[in-house]
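What follows is a short report on a single structure.
As the structure is a computational prediction, the values presented were derived from the model and not from experiment. In each ligand, atom 1 is the first atom listed, and ligand 1 is the first ligand listed.
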Amino acid sequence: MLRIAIQSKGRLYEESMALLEEAGIKIPGGKRTLLVPARNFPVEVLFLRDDDIPESVASGVADVGIVGLNEVMEKRCPVGILKKLGFGKCRLSLAIPQNIDYQDRNWFSGKKIATSYPGILSDYLHKNGIVSDIHVITGSVEIAPGIRLADAIFDIVSSGSTLVSNRLKEVETVVESEAVLIGTDSISPEKRGILDELLFRFDSVQAADD
Ligand code: PRT
Ligand code: ZN
C-alpha cells in the first residue's frame with residue numbers, strides 16, 4: 001500500500017482530492033479519519049497540515065505527498081519533486097507600501113521585513129548581498145507595515161488583492177510556486193510499482209485537462 005499525504009483542509013485540499021478522484025482512485029467520504037484507504041487502488045491517504053507534509057515524506061511516515069513548492073523549499077527537507085501538479089499556483093514576493101518610490105532591491109538593506117518564510121527570504125537576501133532584519137510572524141503578515149511592525153513583507157501572492165487592500169505593492173517576485181508531488185528514493189520496489197501507476201494516471205489526467 002502506497003501512503004500519500006495531502007492537506008486535511010485548506011487551499012490544496014479540494015484539488016488534491018479531485019486529482020485522486022480523476023485518476024480513478026476512490027477515497028470513501030463520510031467519517032473522516034487521519035488515514036483513509038482507497039476503495040479500489042492500493043493507496044491510503046494521510047490527512048495532515050501542509051506544514052507537516054515535507055517532513056512526513058522525508059521521514060518515511062508517508063511515501064509521497066502533495067504540497068505547495070513554497071512549503072518544500074522553506075522546510076529544506078531531503079525530498080524530491082516527482083511532478084508539478086498545475087494547481088495552487090502562487091508566488092512568494094516582496095511587497096512594500098504603495099507610496100514608496102522604489103528603485104531596486106537594495107532598498108531592502110537595513111529594512112525590517114515581516115514573513116512566515118524566513119528560510120527562503122534569507123537565502124534570497126544572502127544571494128543578493130542584502131542584509132535586512134527578518135521578523136517572523138505566522139498569519140496576517142500583510143498588516144505588518146500598516147501597524148509599523150515592519151517596513152516590508154515577504155508573503156504569498158495570488159491575485160494581488162490582499163496587497164492592494166493593505167496599500168502594498170509587489171516589487172520583487174522571488175519564487176513561483178504550485179502544488180507538487182514529493183517523494184524520496186528510499187521506496188520499496190512494490191511501492192515503486194504503485195507509484196509508477198499513480199504517476200501514469202496523473203499524466204493522463206493532466207493531458208485530458210490541457
Ligand atoms: O492548515 P494548514 O497549515 O494545512 O494550511 P495553511 O493555512 O498553512 O495553508 P493554506 O491552506 O492557506 O495554503 C496552502 C498552500 O496553498 C500554500 O502553501 C500555497 O502553496 C498555496 N496557495 C495558493 C496560497 C495562495 N494561493 C494564496 N493566495 N496560499 C496562501 N494564499 C494567501 C495569500 O498569502 C494571501 O494572504 O491568500 C491570500 C489571498 O491572496 P491574493 O493575492 O489572491 O489576495
Ligand atoms: Zn500551513
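Looking at C90 against ligand 1, only its side chain comes within 4.0 Å, counting heavy atoms. At a 4.0 Å heavy-atom cut-off, ligand 1 touches R49 through backbone and side chain alike.
Contact check on D196 versus R192 returns a salt bridge, with a Lys/Arg side-chain nitrogen under 4.0 Å from an Asp/Glu carboxylate oxygen. Under the 4.0 Å criterion applied to side-chain N and carboxylate O atoms, D63 and K191 are assigned as salt-bridge partners. Salt bridge D50/R11: absent, no basic N to carboxylate O contact under 4.0 Å.
Taking every heavy atom of K9 and a limit of under 4.0 angstrom, the matching atoms of ligand 1 come to 1 (O), 4 (O). Taking every heavy atom of G160 and a limit of under 4.0 angstrom, the matching atoms of ligand 1 come to 41 (P), 42 (O), 43 (O). Residue contact check: D155 has heavy atoms under 4.0 Å from atoms 34 (O) of ligand 1. Which parts of ligand 1 touch G10 is read off a 4.0 Å heavy-atom cut-off, strictly below it: atoms 11 (O).
The two atoms that bring A114 and V141 nearest to each other are O-CG1, 3.4 Å, heavy atoms only.
Put simply, the side chain of R3 never gets that close to the backbone of A62: no donor and acceptor are under 3.5 Å apart.
Using the six-membered ring where Trp is involved, F154 and Y117 have ring planes that are perpendicular, over 60° apart on the 30 and 60° scheme.
Between T138, D50, I53, it is D50 that holds the heavy atom closest to atom 14 (C) of ligand 1. The closest non-hydrogen atom to atom 19 (C) of ligand 1, taken over N70, L69, V157, comes from N70.
Atom 39 (C) of ligand 1 has T162 OG1, 3.2 Å as its closest protein atom, hydrogens excluded (heavy atom only). Looking only at protein heavy atoms, the nearest one to atom 43 (O) of ligand 1 is S159 OG, 2.6 Å. Ranking the protein heavy atoms by distance from atom 28 (N) of ligand 1 puts S158 CB, 3.2 Å first. The protein heavy atom nearest to atom 5 (O) of ligand 1 is Q7 NE2, 2.9 Å. For atom 33 (C) of ligand 1, the nearest non-hydrogen atom of the protein is I156 O, 3.3 Å. Protein heavy atom nearest atom 30 (C) of ligand 1, with residue, atom name and distance: R11 NE, 3.3 Å.
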For this session: Check the pair E176, R91 against salt bridge (Lys or Arg N to Asp or Glu O under 4.0 Å), reporting the backbone distance first and the verdict last.
Result: CA-CA 4 Å; E176 301 274 359; R91 52 200 188 270; 5.7 Å; no

Exercise. Which is it for S56 and L48 under the side chain to side chain contact (heavy atoms under 4.5 Å, CB included) test, yes or no, and what are the steps along the way?
Worked result: CA-CA 9 Å; S56 77; L48 295 177; 3.6 Å; yes

Exercise. Side chain to side chain contact (heavy atoms under 4.5 Å, CB included) between R201 and I25: does it pass, once the steps are laid out?
Worked result: CA-CA 10 Å; R201 291 184 181 202; I25 297 161; 4.2 Å; yes

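Side-chain polar atoms of E170 and S93 form a donor-acceptor pair below 3.5 angstrom.
Atoms OG and NZ, from S132 and K111 in turn, are 8.5 Å apart once rounded to the nearest 0.5 Å.
Any N or O atom pair closer than 3.5 Å counts here, and L12 shares no such pair with ligand 1. At under 3.5 Å, not a single nitrogen or oxygen of G68, backbone or side chain, sits near a nitrogen or oxygen of ligand 1.
Put simply, atom 7 (O) of ligand 1 has no protein non-hydrogen atoms near it, under 4.0 Å away.
The Zn ion (ligand 2) lies closest to atom OD1 when only the N/O/S atoms of D51 are considered.
Not a single heavy atom of E178 sits closer than 4.0 Å to an atom of ligand 1.
Just one residue in the list I187, L2, I4, V64 forms a side-chain contact (heavy atoms from CB on, under 4.5 Å) with I194, and that residue is L2.
The distance from the Zn ion (ligand 2) to the nearest N/O/S atom of D50 is under 2.8 Å.
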